[in-house]
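Comments concern the structure below.
These numbers come from a predicted model, not from an experiment. Just so it is clear, the values below take in all heavy atoms, side chains as well, and ignore hydrogens, waters and symmetry mates.
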Amino acid sequence: MTPSSAETSFANLAQLARSLEATPKRLEKRAPIAAFLRSLRRDEVAPAVHLVVGRIFAEADERALNVGWATLRRALEGKRQTTLTAEPLTILEVSRAFAAIAATRGADSVRERRRLLESLLGRVTAEDRDILLRIVFGEMRIGVNEGVMLEGIGDAAGVGPEAVRSAHMFLGDLGRVAEIALTDGLPGLRGAGLRLLYPVKPMLAEMAEDLADVLEEHGGETAIEFKLDGARIQIHRDGDAVRIFSRRLSDVTGSLPELVAFARSLPVPRFVLEGEVVAVDHHGKPLPFQDLMRRFRRVHDIDAAAQEIPLRLFLFDLLALEGQSLIDAPYRERWSRLEALVPRDVLTPRKVARTTEAIKSFLRESLEAGHEGLMAKALDSTYTVGKRGKKWFKIKPADRLDLAIVATEWGSGRREGWLSNYWLAVRDEATGGFQMIGKTFKGLTDEEFEAMTARMKALVTSEERWGFHVRPEVVVEVAYNEIQRSPHYPSGFALRFARIVRIREDKGPEDADTYARLKELYAKQFERKGRGPQEV
Ligand code: AMP
């Protein structure tokens with residue numbers, strides 16, 4: 001494991017990339033990655049890790065190369081004048097050149113970027129140039145995602161993947177995780193916890209299907225909070241230094257001067273707060289997500305933007321206070337300390353509920369105030385960094401679509417003898433056909449199953465082992481909680497928790513909702529969740 005003193009050539013990394021691309025099996029990629037990482041000098045580990053996963057900089061690093069096709073084409077032309085020198089290009093040189101390219105500013109920056117690129121491209125073979133270009137354009141695609149790299153790092157350092165993964169949740173930087181793993185091993189990774197001014201991956205929630213289940217899962221009582229339709233933020237303060245991070249851990253401090261001022265106004269100098277910011281109109285009513293994004297994207301005239309689109313802060317968690325991490329403290333305690341720290345008007349509206357009625361009535365209150373729904377949080381739960389689980393549930397009113405039934409399966413158990421599992425589809429205007437987006441056996445009464453079985457039999461177009469394909473004539477109104485991307489159906493989408501609300505006797509297949517509408521709803525949902533293309 002002694003690193004050699006000479007800098008490692010970029011050709012080694014390009015060679016590794018090609019061999020990983022030729023190795024389709026995830027498991028077989030680990031050993032070559034581990035061997036490669038072990039062969040590097042310590043200062044090469046972080047940059048090499050980023051390059052192998054096809055990134056220029058660390059995940060939360062906002063720098064970008066800003067290299068367009070035109071610049072690249074000219075750099076490729078220009079590189080012919082330079083010759084392959086005896087000195088091979090090293091990984092560190094690539095990393096430094098990328099940093100220099102990202103830092104170019106001003107009138108001459110296009111030419112400067114081209115010059116820097118030329119000097120890189122002129123020093124590699126055609127084969128390695130291909131890898132370099134793929135990195136520049138974010139198109140590495142050698143099947144090494146974050147997960148594979150985390151496993152490779154574990155193998156290289158001789159530690160289990162869990163320790164590496166958990167350190168990554170706190171550090172949010174694969175390169176640094178690799179560096180720590182290879183330098184300090186397991187103790188180093190274990191020491192990676194919450195640090196002031198460095199973001200951690202947020203805890204995530206699961207979609208609730210049923211309110212009674214939520215109560216049961218949380219032991220009979222649960223804390224319900226308004227679910228705000230804004231952007232999640234972490235506010236770190238260490239004395240005079242304040243940094244604010246988005247859900248994807250980018251630094252958004254510059255766009256939010258009023259929150260910086262707020263953080264500085266609190267009586268305690270060291271803390272990490274978590275909450276949601278929402279854009280509001282001058283009456284305090286929430287504005288659509290797009291308006292909030294305008295605030296985040298603004299780089300000039302921040303003060304004018306702050307006047308134009310005021311923000312409201314809703315805090316819901318406290319992850320550290322006075323040098324003490326509260327990650328492992330129960331939610332109940334984090335909340336009571338939060339309550340003691342901040343003014344009431346920045347706290348997310350919240351209640352403790354013991355009945356589904358109480359949850360429903362708070363849900364109505366939240367929707368009436370223009371918010372998205374509720375979050376239900378287990379009172380005794382610790383903050384599980386970066387994980388989605390049942391300790392936090394999101395509760396949103398179901399959305400509905402009118403869908404055609406295109407096939408049906410025989411039921412089993414209590415539903416034996418009935419054609420009672422239905423394939424649901426949207427109408428595809430482009431092809432005139434139907435696109436399946438889910439199945440359900442939920443929502444009908446026994447009498448309805450009985451009648452539906454007879455109806456389905458009359459519409460059969462072909463028989464299968466499991467049931468029948470049918471002519472798409474029956475339309476049902478289907479409630480669902482979320483539209484997800486799914487590889488299972490050619491449509492590419494699947495409904496989560498679909499259940500039939502009623503049979504639409506008044507509608508025919510030509511009235512079913514369309515594929516185009518489904519995609520539109522998906523995009524909207526995406527946007528609202530802050531994961532859309534314009535995400536901060
Ligand atoms: P989702 O993105 O659909 O998984 O929903 C989780 C998101 O809801 C979080 O990432 C937050 O941005 C947002 N959110 C809104 N209100 C709350 C709340 N009271 N507690 C936690 N997250 C919330």
Side-chain angles (χ1 to χ4, degrees), residues 200-234 247 273-278 286 289 312-319 326-339 342 344 346-400 442 479-484 495-499 525 528-531:
V200 291
K201 296 209 172 185
M203 176 164 176
L204 301 171
E206 226 167 71
M207 178 67 77
E209 182 179 9
D210 183 278
L211 298 183
D213 288 352
V214 170
L215 279 170
E216 197 187 313
E217 188 72 45
H218 289 181
E221 66 176 0
T222 183
I224 41 178
E225 299 171 2
F226 278 12
K227 183 175 194 304
L228 299 320
D229 190 3
R232 187 163 183 172
I233 47 154
Q234 262 169 56
R247 174 187 169 127
L273 290 165
E274 199 182 27
E276 190 97 349
V277 271
V278 180
F289 189 73
R312 205 170 149 197
L313 175 64
F314 292 91
L315 294 169
F316 53 72
D317 220 317
L318 179 64
L319 306 187
L326 297 177
I327 297 277
D328 295 321
Y331 161 86
R332 174 188 277 121
E333 182 188 332
R334 301 199 309 275
W335 180 272
S336 71
R337 291 201 175 191
L338 174 67
E339 239 178 344
V342 302
R344 260 188 91 78
V346 292
L347 279 175
T348 304
R350 169 196 186 264
K351 262 187 188 158
V352 173
R354 290 181 189 83
T355 62
T356 56
E357 283 67 40
I359 301 179
K360 275 189 210 149
S361 107
F362 205 49
L363 176 61
R364 268 195 303 277
E365 236 179 272
S366 168
L367 297 174
E368 271 159 26
H371 303 296
E372 212 187 327
L374 298 178
M375 298 287 284
K377 302 183 178 177
L379 288 154
D380 59 1
S381 61
T382 57
Y383 192 93
T384 49
V385 170
K387 289 211 182 100
R388 192 181 294 284
K390 294 184 191 302
K391 296 297 175 191
W392 285 14
F393 279 112
K394 41 189 171 181
I395 300 171
K396 289 197 253 184
D399 289 317
R400 292 174 183 203
K442 292 190 181 164
Y480 62 91
N481 291 48
E482 204 166 39
I483 304 170
Q484 293 186 313
L495 297 184
R496 203 152 146 71
F497 303 133
R499 60 239 178 232
Q525 169 188 301
R528 267 219 309 265
K529 288 201 299 192
R531 288 203 208 106

Minimum heavy-atom separation for [X] to [Y], with atom names?
X	Y	result
T356	A212	CG2-N, 3.7 Å
R334	L319	NE-CD2, 4.5 Å
W335	T348	CH2-O, 3.5 Å
A376	I395	CB-CD1, 4.0 Å
L379	A223	CD2-CB, 4.0 Å
G370	P286	O-CG, 3.8 Å

Please enumerate all residues that pass side-chain hydrogen bond (donor to acceptor under 3.5 Å, both in side chains) together with R350, with sequence neighbours excluded.
Y331

Restricting to side-chain hydrogen bond (donor to acceptor under 3.5 Å, both in side chains), what partner residues turn up for R400, sequence neighbours left out?
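Only E477 meet the side-chain hydrogen bond (donor to acceptor under 3.5 Å, both in side chains) criterion with R400.
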
As an exercise, state the distance from [atom1] of [X] to [atom2] of [Y], rounded to the nearest 0.5 Å.
X	Y	atom1	atom2	value
R247	K201	CZ	NZ	11.0 Å
H371	D229	NE2	CG	9.5 Å
K394	E372	NZ	CD	8.5 Å
I224	L363	CD1	CG	8.5 Å
L313	L273	CG	CG	8.0 Å

Side-chain touch [X]/[Y], heavy atoms, less than 4.5 angstrom:
X	Y	result
I359	L215	yes
L367	P397	yes
E274	V200	no
K391	M203	yes
E365	K351	yes
E276	K227	no

Holding to side-chain contact (heavy atoms from CB on, under 4.5 Å), I want the full list of residues that pass it with R337, two or more places apart in sequence or in another chain.
L318, L321, Q324, L326, E333

Using the six-membered ring wherever Trp is involved, compare the ring planes of W392 and F316 and label them parallel, tilted or perpendicular (cut-offs 30° and 60°).
perpendicular

What residues, two or more places apart in sequence or in another chain, satisfy salt bridge (charged side-chain N to carboxylate O under 4.0 Å, His left out) together with E225?
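Partners of E225 by the salt bridge (charged side-chain N to carboxylate O under 4.0 Å, His left out) criterion, ordered by chain and then number, come out as K377.
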
For T382, is there any backbone N or O sitting under 3.5 Å from a side-chain donor or acceptor partner on D328?
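Looks like no, no N/O pair under 3.5 Å.
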
Which residue pairs satisfy the salt bridge (charged side-chain N to carboxylate O under 4.0 Å, His left out) criterion with at least one member in residues 352-363, sequence neighbours excluded?
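Only E221-R354 qualify under salt bridge (charged side-chain N to carboxylate O under 4.0 Å, His left out).
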
Qualifying side chain to side chain donor-acceptor pair (under 3.5 Å) pairs with a residue from residues 208-219, counting only residues at least two apart or across chains:
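Checked against side chain to side chain donor-acceptor pair (under 3.5 Å) - neighbours excluded - the pairs reaching residues 208-219 are E209-K442, H218-T222.
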
